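This structure is a prediction, so every number in the text was calculated from the model and none was measured.
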Amino acid sequence: MQGSHSGTVHAGPMTCFLFRLWLVTLSVFASTSSGQTFHTFQSERTEWILSHLAVHQSTGAVYVGGVNRIYKLSAELVPLVSHSTGPELDNQACYPPLIIQPCGEPLTPTNNVNKLLLIEQTQNRLLACGSLYQGVCKLLRLDDLFILAEPSHRKEHYFSSVNQTGGVSGVIVSGRGRDATLYIGTAVGGKQDYFPTISSRKLPRDPESAAMLDYELHTDFVSSLVKIPSDTLALVPHFDIRYVYGFSSGPFVFFLTVQPETDSGTAGGSADDLFYSSRIVRLCKGDNKFHSYVSLPIGCAQKGVEYRLLQAAYLAKAGSVLAGALNASEQEDVLFAVFSKGQKQFLSPSDDSALCLFAMRDINAHIKERLRSCYQGEGNLELHWLLGKDVQCTKAPVPIDDHFCGLDINQPLGGSELIMGHTVYTETAERLTAVSAYVYNGYCVAFLGTRSGNIRKKPKPNVECERMDRMKRCHEFWIKPKK
C-alpha cells in the first residue's frame, strides 16, 4: 500500500480490504442480489502453487505470483493477463551471471518459484523475483505484464539461492522527484559470501538504466548491505535469517525476521536443536551506509506461555476503538503478528500459537531507549551473529531523538531485551500462519489464517464488548473462531 506521504510500497497484499492466505486457491466473497457468490482462481496446474499477492491501491487489480507464472486478475478474481516466468534451463550449483561465467554443471528444465512480488504504483510497474538463476528479478508493466527490465549481467542482480517461497521480504520506498529504493532481506542458503542477507538497491525511473538494482552504496569501506560472516556459519552451520515481513512506517523501514541464536550453547547441533529468536530490524529511509541498523527481539506471552516463533505479520491503522485502548490516534500504525509457542521446533512449529499486537510507537520507543543506553556507553552492541564477539558500546554526547539515524560508531546495534506485545488471541488446535487487518466502522478487524487454510475472523462487535476493557477482553471476544 503506497503511503500517502512517503510513497512507500509494502511487501505482500498491502491493502486493508483483502486478506492474505498461502493457499493453492485464492478466494473472495462478493455480494449479489441473490446473496453471496464465491469467486475463485486457480493456476493452470495444481502443483504450481500460488505464493504471493499484491493489490493495486487505486484499481483493485490483484497480482498473484506463483510457480512459473505471474497473473493479473480483476477485483473479482477474473483472469486478465498472465506472464510466464519458467520453467527454464538451470542448475542450483551454477553461480550467476551465466552469460559471463558459463557453468559446467548439466542444465535441466527448472521451475521458477516466485519469492517476491511488489507493486511500485508511482511508476506503474511490478517487481517480481523468482528462484531461477540464484534469484533473478523482473520489472513488469502493471497494465499488461510486459517486461520492462530484467537485470542479469552483474553479480549483484541476483538475490538468493534458496529455492523456496519463504525467507524473502522487500519494501519499495519512493520519494517525490527522485528514484525509488528497494530494501530487500533474504535467506542466503549458506552462500553468505555471494549474497547479502539485507541490502538496499536502486530502482531508477528509467527501466533501461544501467544502475537498475545496483546497491545504493558499495565501496571498499562502507556499503548499503549486511552479509553473514563465514565465522558464524562455521559456528552454526544451519544459520540463516528468514525474513517474514517487511514494511514502512514513518521515516523507517522495518523487517521482521526469525534466526538462530548463536550464543545458545547448542551451536553445533541440528536445526531442531537450536534456539530461535524473532527480531524486528529497523533502518532509516535513505541511510545508504546502514548506520541506523538496529535489531531487537520481539514476542509475547500469555499465562506463562511464551510465543517467540514468528509466523506472519501485518501492519494496519488503529481505528478509533483500538486507538482509545492504546491512548493513540486513529491513524497510528499497529503491527499484528502471529507467533508459535517457544523458541525451538522452527522446522515444525507448535500448533499452540497466538495473535499479538504491537503499537509502532512502542517499538520505536524501545529502539530509542536501546540507542540512548548504548550511546551512554552502557553494555555491548549485542549482535553476536554479525560481530562474532562482544563489542563495548562507545560513549558519545549525541542527542537521541525520534529520528536519530546512527553514526559510524555503535553500529550495527543489537539487543537482548524483548519487545513484548499484547496477546489478544490464542489458538491450540491449529497453528496460525497468516494475518491481515482493516478498519471497519472504527474497529480494527483481524483475519487469521491457519495452517490448513481455515479463517478466523472477529465477529460483529456489540455494546457489551465496547464497555469491556478494550485492550484485551474485548479483542479476545472479537477474534473467537466461528462455531
J.: Please check: side-chain N/O of Tyr245 versus main-chain N/O of Leu315, any donor-acceptor pairing under 3.5 Å?
T.: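 Yes: the side chain of Tyr245 pairs with the backbone of Leu315.
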J.: Give me the atom names and distance for the closest heavy-atom approach of Thr85 to Arg69.
T.: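 In terms of heavy atoms, the two residues are closest at OG1-N, 3.4 Å.
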J.: If only atom types and distance count, is the side chain of Arg279 paired as donor or acceptor with the main-chain N or O of Gly415 below 3.5 Å?
T.: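 Present.
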J.: May I ask you to check whether over 12 heavy atoms, not counting those of Glu47, lie within 6.0 Å of atom CD?
T.: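 More than 12 within 6.0 Å, yes.
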J.: Take Ser249 and Asp333, measure what side-chain hydrogen bond (donor to acceptor under 3.5 Å, both in side chains) needs, and give me the verdict at the end.
T.: CA-CA 7 Å; Ser249 177; Asp333 288 337; 2.7 Å; yes
J.: Listed by chain and number, what are the salt bridge (Lys or Arg N to Asp or Glu O under 4.0 Å) partners of Glu150, not counting sequence neighbours?
T.: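 Checked Glu150 against salt bridge (Lys or Arg N to Asp or Glu O under 4.0 Å); zero matches.
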J.: Looking at the rings of Phe41 and Tyr71, which for Trp means the six-membered one, are their centres under 6.0 Å apart?
T.: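 Distance test on ring centres: under 6.0 Å, yes.
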J.: Considering non-hydrogen atoms only, spot the tightest contact between Thr433 and Val338 and give its length.
T.: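 Result for this residue pair: C-CG2, 4.3 Å.
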J.: Verify whether one side chain among Lys138 and His83 offers a donor that lies under 3.5 Å from an acceptor in the other.
T.: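 There is such a pair (donor and acceptor under 3.5 Å, judged by atom type) between the side chains of Lys138 and His83.
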J.: Test your reading of the model: is there a side-chain donor-acceptor pair from Lys72 to the backbone of Leu145, 3.5 Å cut-off?
T.: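 Judged by distance alone, no pair lies under 3.5 Å.
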J.: Looking at the rings of Phe346 and Tyr276, which for Trp means the six-membered one, are their centres under 6.0 Å apart?
T.: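 Yes, close enough.
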J.: Are any side-chain N or O atoms of Ser131 and backbone N or O atoms of Val113, one a donor and one an acceptor, separated by less than 3.5 Å?
T.: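 Flag set: sc Ser131 to bb Val113 pair under 3.5 Å.
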J.: Starting from the C-alpha separation in whole Å, work towards a yes-or-no answer on salt bridge (Lys or Arg N to Asp or Glu O under 4.0 Å) for Arg201 and Glu156.
T.: CA-CA 9 Å; Arg201 314 295 186 106; Glu156 54 264 34; over 6 Å; no
J.: Just by modelled atom types, is the Ala93 backbone N or O under 3.5 Å from a matching donor or acceptor in the Asn91 side chain?
T.: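 Present.
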J.: Should the pair Lys191 and Tyr158 be classed as cation-pi, given the thresholds of under 6.0 Å to the six-membered ring centre and 45° from the axis?
T.: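 No.
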J.: Identify the heavy atoms of Asn111 and Pro87 that sit nearest to each other, and give their distance.
T.: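 The pair with the smallest heavy-atom distance is OD1-CB, 3.9 Å.
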J.: With a 4.5 Å cut-off on side-chain heavy atoms, are Phe447 and Tyr438 touching?
T.: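 The answer is yes; the side chains approach within 4.5 Å.
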J.: Can you see whether Gln121 engages Ser58 through a side-chain donor-acceptor pair at a distance of less than 3.5 angstrom?
T.: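 Side-chain D/A pair, Gln121 to Ser58: present.
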J.: List in chain and number order the residues that pass side chain to side chain contact (heavy atoms under 4.5 Å, CB included) with Leu407, two or more places apart in sequence or in another chain; answer none if no residue qualifies.
T.: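 For Leu407 the side chain to side chain contact (heavy atoms under 4.5 Å, CB included) partners, ignoring immediate neighbours, are Tyr375, Val398, Phe404, Ile409.
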J.: Check whether Asp287 reaches the backbone of Ser292 with its side chain - one donor and one acceptor, N or O, closer than 3.5 Å.
T.: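 The answer is yes, because a donor-acceptor pair under 3.5 Å joins these two groups.
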J.: Please step through side-chain hydrogen bond (donor to acceptor under 3.5 Å, both in side chains) for the pair Arg242 and Gln259, ending with a clear verdict.
T.: CA-CA 6 Å; Arg242 177 184 173 88; Gln259 61 195 64; over 6 Å; no
J.: Without swapping roles, check the side chain of Ser278 against the backbone of Arg308 for a donor-acceptor pair under 3.5 Å.
T.: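 At least one qualifying donor-acceptor pair exists.
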J.: Of the options Leu127, Val171, Val173, which is the one that meets Leu182 in a side-chain contact (heavy atoms from CB on, under 4.5 Å)?
T.: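 Checked Leu127, Val171, Val173 against Leu182; only one passes side-chain contact (heavy atoms from CB on, under 4.5 Å): Leu127.
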J.: Carefully, step by step, assess Asn364 and Arg282 under the rule side-chain hydrogen bond (donor to acceptor under 3.5 Å, both in side chains).
T.: CA-CA 9 Å; Asn364 286 321; Arg282 193 184 80 174; 3.0 Å; yes
J.: How far apart are the closest heavy atoms of Val435 and Tyr314, and which atoms are they?
T.: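 That would be O-CB, 3.5 Å.
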J.: Does the Asn410 side chain pair with the main chain of Pro412, one donor and one acceptor, at a distance under 3.5 Å?
T.: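 No, Asn410 side chain to Pro412 backbone: no donor-acceptor pair under 3.5 Å.
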J.: Would Ser416 and Glu382 count as a side-chain hydrogen bond (donor to acceptor under 3.5 Å, both in side chains) here? Give the steps.
T.: CA-CA 7 Å; Ser416 56; Glu382 295 189 53; 2.7 Å; yes
J.: Taking the six-membered ring of Phe159 as reference, does the cationic atom of Lys115 (NZ for Lys, CZ for Arg) lie under 6.0 Å from its centre and within 45° of its axis?
T.: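 Cation-pi check for Lys115 and Phe159: fails.
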J.: Does any non-hydrogen side-chain atom of Leu217 lie less than 4.5 Å from one of Val222?
T.: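 The answer is yes; the side chains approach within 4.5 Å.
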J.: Less than 6.0 angstrom from the centroid, inside 45 degrees of the normal: does Lys227 satisfy that with respect to the ring of Phe195?
T.: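 Checked: cation-pi criterion not met.
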J.: Ignoring hydrogens and geometry beyond distance, is a side-chain donor-acceptor pair present between Gln343 and Glu261 at under 3.5 Å?
T.: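 On atom types as modelled, these side chains qualify, holding a pair under 3.5 Å.
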J.: Between Lys368 (side chain) and Ile363 (backbone), is there a donor-acceptor pair under 3.5 Å?
T.: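 No, because the side chain of Lys368 does not come within donor-acceptor range (under 3.5 Å) of the backbone of Ile363.
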J.: Using a strict 4.0 Å threshold on nitrogen-to-oxygen distance, state whether Lys202 and Asp214 make a salt bridge.
T.: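 Salt bridge absent between Lys202 and Asp214.
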J.: Side chains of Cys129 and Val168: does their closest heavy-atom pair fall under 4.5 Å?
T.: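 Not touching, per the 4.5 Å side-chain cut-off.
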J.: Determine yes or no for a side-chain-to-main-chain donor-acceptor pair under 3.5 angstrom, with Ser169 supplying the side chain and Val244 the backbone.
T.: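 Checked: no pair found.
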J.: Please assess Ile198 against Leu283 for the test side chain to side chain contact (heavy atoms under 4.5 Å, CB included), listing each intermediate value before the final yes or no.
T.: CA-CA 11 Å; Ile198 189 171; Leu283 288 163; 4.1 Å; yes
J.: Under a 3.5 Å threshold, yes or no: a donor from one side chain and an acceptor from the other, between Ser230 and Gln192?
T.: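 Note: Ser230 and Gln192 side chains meet the donor-acceptor criterion.
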J.: If you count heavy atoms of other groups shown closer than 6.0 angstrom to NE2 of His403, is the number above 12?
T.: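 Atom NE2 in His403 is not packed in, count stays at 12 or less.
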J.: Tell me whether Glu417 at atom CD has more than 12 heavy atoms from other residues, nucleotides or ligands lying less than 6.0 Å away.
T.: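 Atom CD in Glu417 is not packed in, count stays at 12 or less.
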J.: Looking at Lys341 and Asp351, is any side-chain nitrogen of the basic one under 4.0 Å from a carboxylate oxygen of the acidic one?
T.: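 Looking at Lys341 together with Asp351, the answer is no, because their closest N to O distance does not fall below 4.0 Å.
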